[in-house]
Number of protein chains: 4
Amino acid sequence: MRPAPERRREILDTAAEVFAAQGYDATTVRRIADAAGLLAGSLYYHFDSKESMLDEILRAFLDELWARYDAVLAAVLGPRETLEALVTESFREIDRHRAAVAIYQKESRHLREQPRFGYLAGSQRRFEQAWLRTLERGVAAGVFRTDLDVRLTYRFVRDTVWVAASWYRPGGQHSPEEIARQYLSMVLEGVALRDGHRTYG
Amino acid sequence: MRPAPERRREILDTAAEVFAAQGYDATTVRRIADAAGLLAGSLYYHFDSKESMLDEILRAFLDELWARYDAVLAAVLGPRETLEALVTESFREIDRHRAAVAIYQKESRHLREQPRFGYLAGSQRRFEQAWLRTLERGVAAGVFRTDLDVRLTYRFVRDTVWVAASWYRPGGQHSPEEIARQYLSMVLEGVALRDGHRTYG
Amino acid sequence: MRPAPERRREILDTAAEVFAAQGYDATTVRRIADAAGLLAGSLYYHFDSKESMLDEILRAFLDELWARYDAVLAAVLGPRETLEALVTESFREIDRHRAAVAIYQKESRHLREQPRFGYLAGSQRRFEQAWLRTLERGVAAGVFRTDLDVRLTYRFVRDTVWVAASWYRPGGQHSPEEIARQYLSMVLEGVALRDGHRTYG
Amino acid sequence: MRPAPERRREILDTAAEVFAAQGYDATTVRRIADAAGLLAGSLYYHFDSKESMLDEILRAFLDELWARYDAVLAAVLGPRETLEALVTESFREIDRHRAAVAIYQKESRHLREQPRFGYLAGSQRRFEQAWLRTLERGVAAGVFRTDLDVRLTYRFVRDTVWVAASWYRPGGQHSPEEIARQYLSMVLEGVALRDGHRTYG
DNA sequence: AATGAATGAGTGTTCATTCAT
DNA sequence: AATGAATGAACACTCATTCAT
């Protein structure tokens, strides 16, 4: 009568993969059960509901993400270094929990209207604040350009980072650090070649 | 009071809004009918199925998009100008058909595995070719940097452009052209401030 | 504002064909309308309901059939001659109203439980009486065999005659009279060859 | 209490009764469920669809029927004896699977146009061949009359046998063998009384 | 006479969930 | 821990019918 937490993990990882591949609503509980090697009804020994699987997946992802982000923000770095660290941690998170990030990216917008998933909105607000503050600090410090709309820039950066979860495959050609480096190079220096262009990294 | 095709349009636009807001699978046909002011069964006087509404929405979007893209590609521009024009047309398309773009962005990955939506894969291949060729031309011409992975750059650019459909609101603060300008400025010149930095636009 | 009874007839004949081919329940009102060259809603200018089309088809068939049967029964013939005449009239009716007979054969069993179609049960009772009386008269007169169960014989004969509506095609190889002759020959004389076998007809 | 396949059988038998009584199209899945003592949705735990229930019913009937027919045809009997055996087996089959035969009789004509039920057409062809060959052998051997159209005779015989499923009630007054005997007597010897008439059986 | 658009009840089917074993 | 059978609400869709024009 011990809970066997490993089986839970296994099932949850399977569920995350399926949710990411087909979308939460389009995924049947039976599909998850098939992929996990048991019958649909048996899932309810481990979990309350399909929704609570989703909840657990998203919470685990956000908890881990914020642990890393908070560490970055606690270490008082310059704005450019903060930006680099946040982007790098984001790509590392995609590497570790690709499925969870893809689900978050696809579903969080409409999930956050349900009370149960209100924490998604809270998380997003903190997320936005951290990024905006970093960008603003950079502008104030003369490190980032002054002529760009900070909110627009934030959105571009945020989206590009997370949407990478939809094509990234762990163990592929590029390490998360390499992807982060290339991405940062593009965002910071631009793709246009100019005299005296400084290669990044 | 004969001009009936307008009703189709109305319903289709409504459906697109709902699909975009809640996701295709999570949207019930009753929800669409409610929003359009008729009963669920009555939708079937105008459309074969829920799926064929989705199909029509996506086809209309892609048809219009490709008309614009083809015009850009037919005018033989330099690589930088091509990139600017493609991005600008993309943001204009988001301005015109925000809902359709949001649906495309959210659903096309798993839809394109169904035979009926095979054209999504075809469109995406052409899309990829147009962008890669433009980037490669720019690298060859010494206009774009040589040290960036072209495929990665393509993915970053593609995603950021389309994902904007999820937050863009027509008639808001920024015109699509303004958003395109800011985005291009970021991507081409970078956000980092340097000596002799050239303001874009 | 005259009713144009020809159009009614046309539509009713079309409906009968479709009912006969696909079954009453499996036939949609739209299918009938398509075949008759108008829209589904327009049928209701001519008829109250799908059910009243069926009703009218069956009543017309039974009215005509009983006119002929009554004529046969009124002419006081010998039992063998009566049987021959009833069978012949039945095949003629199939020739004239094949579709109606096929519908009657297929649907009357469960229709007659509905109050509206109670007359089907009444008709069937009269039908049964006419046949049983004829067979019994023949047995009493020493014209038909005494060792056969009269009710069983009745059922065999009744079924075979009507079920012919499902394969008979007007204008085909055999006239209704020829089919009746062959059928009567089989039923009266049997298919087995014996000494002194009398060829029928 | 593991032996579950019985439940399938139970439900299938119930479905067959309802299909036979009301017609396949007029039968709702809820009606079957009511009669079987569960909810409509629960049927889908056991069967893929309403259509696959029908399919299973018809296949089981035809499989059994052909097993018997093949046994008769394999034993090389004279034409008269073959005809007697086929008719007897047919009435026995009606006794065993009355509902299935009634469904077959009522629905097979239009079902066989659907690909899924193509085997009905195949079966009917074999059926026709077996009967025609038997009748022709009898004519050639001087056992059956030469002046009757063999195809017409086949149709009369075929229809009368199968249509009996619509009135036959198992456990009633007559055993299937008794019905077969009476029917064969009528078909072989005729109902007309003649000098030296040979009583059958 | 007929159309076009709609209704509303009902259909087959799906699916998250429950529960005795 | 897991199964097998079932539930019940919801779903996409159908269809006979209505009615203003």
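Numbered from 1 within each chain, the chains take letters A, B, ... in sequence-line order. From a predicted model like this one, the values you see are computed outputs, not experimental measurements.
Rounding to whole angstrom units, CG of residue C:L54 and C1' of F:dA16 are separated by 14 Å. Rounded to whole angstrom, the span from the CZ atom of B:R31 across to the C1' atom of F:dC11 amounts to 16 Å. One can place CD1 of B:I32 at 12 Å from C1' of F:dC11, the figure rounded to the nearest angstrom. In this structure, C:E10 places its CD atom 9 Å from P of E:dA2, rounding to the nearest Å. Whole-Å rounding puts the D:D34 CG to F:dG8 P distance at 13 Å. The nearest whole Å value for the distance from the CG atom in C:L39 to the P atom in F:dT21 is 18 Å. Taking atom CD of residue D:Q22 and atom C1' of nucleotide E:dT11, one finds them 15 Å apart after rounding to whole Å. Nucleotide F:dA2 holds its P atom 13 Å from the CZ atom of A:R8, rounded to whole Å.
Nearer the 5' end of DNA chain E, as judged by each residue's closest nucleotide, is the contact made by D:T28, out of A:E51 and D:T28. With DNA chain E read from its 5' end, the first of the two nearest nucleotides for C:L38 and D:D25 is the one closest to C:L38. Each of C:D48 and A:A40 was matched to the nucleotide of DNA chain F holding its nearest heavy atom; the match closer to the 5' end belongs to A:A40. Residue whose closest nucleotide on DNA chain F sits further toward the 5' end, between C:K50 and D:L43: D:L43.
Candidate nucleotides E:dG4, F:dG8, F:dT17 were compared by shortest atom distance to the side chain of C:S49, and F:dT17 ranks first. Between F:dA1, F:dA10, F:dT17, one nucleotide has an atom nearer to the side chain of D:R30 than all others, and that is F:dA10.
The partner of E:dA1 is absent, by the rule that a Watson-Crick or G-U pair needs both atom distances under 3.5 Å. Pairing partner, F:dA16: E:dT7, with both Watson-Crick or wobble hydrogen-bond distances short of 3.5 Å.
Residue D:Y45 has a polar side-chain atom (N or O) positioned under 4.0 Å from OP1 or OP2 of F:dA5. The phosphate of E:dA6 (OP1 or OP2) has a side-chain N or O of B:H46 nearer than 4.0 angstrom. Side-chain nitrogen and oxygen atoms of C:Y44 include at least one within less than 4.0 Å of the OP1 or OP2 phosphate oxygen of F:dT17. Distances shown here put every side-chain N or O of B:S42 at or beyond 4.0 Å from the OP1 or OP2 atom of E:dA5. OP1 or OP2 of F:dA2 lies within a sub-4.0 Å distance of a side-chain N or O belonging to A:R7.
Residue B:V29 is classed as a sugar-phosphate contact, given heavy-atom separations below 4.0 Å to backbone atoms only. Residue C:S52 is out of contact with every strand shown, counting any heavy-atom pair closer than 4.0 Å.
Here the closest heavy-atom approach between residue C:A36 and residue C:R7 is recorded as O-NH2, 3.2 Å. In plain terms, the two heavy atoms of B:A21 and A:H110 that are nearest each other are O-CB, 3.6 Å.
The existence of a salt bridge linking A:E56 and A:R8 is confirmed by a sub-4.0 Å separation between a basic side-chain nitrogen and an acidic carboxylate oxygen.
The shortest distance between side-chain heavy atoms of C:L120 and C:L62 falls below 4.5 Å.
At least one cation-pi condition fails for A:K106 and A:F19: the charged atom is not both under 6.0 angstrom from the six-membered ring centre and inside a 45 degree cone around its axis.
Paired with D:F117 under the rule side chain to side chain contact (heavy atoms under 4.5 Å, CB included), one option of D:E51, D:R59, D:E107 passes, and it is D:E51.
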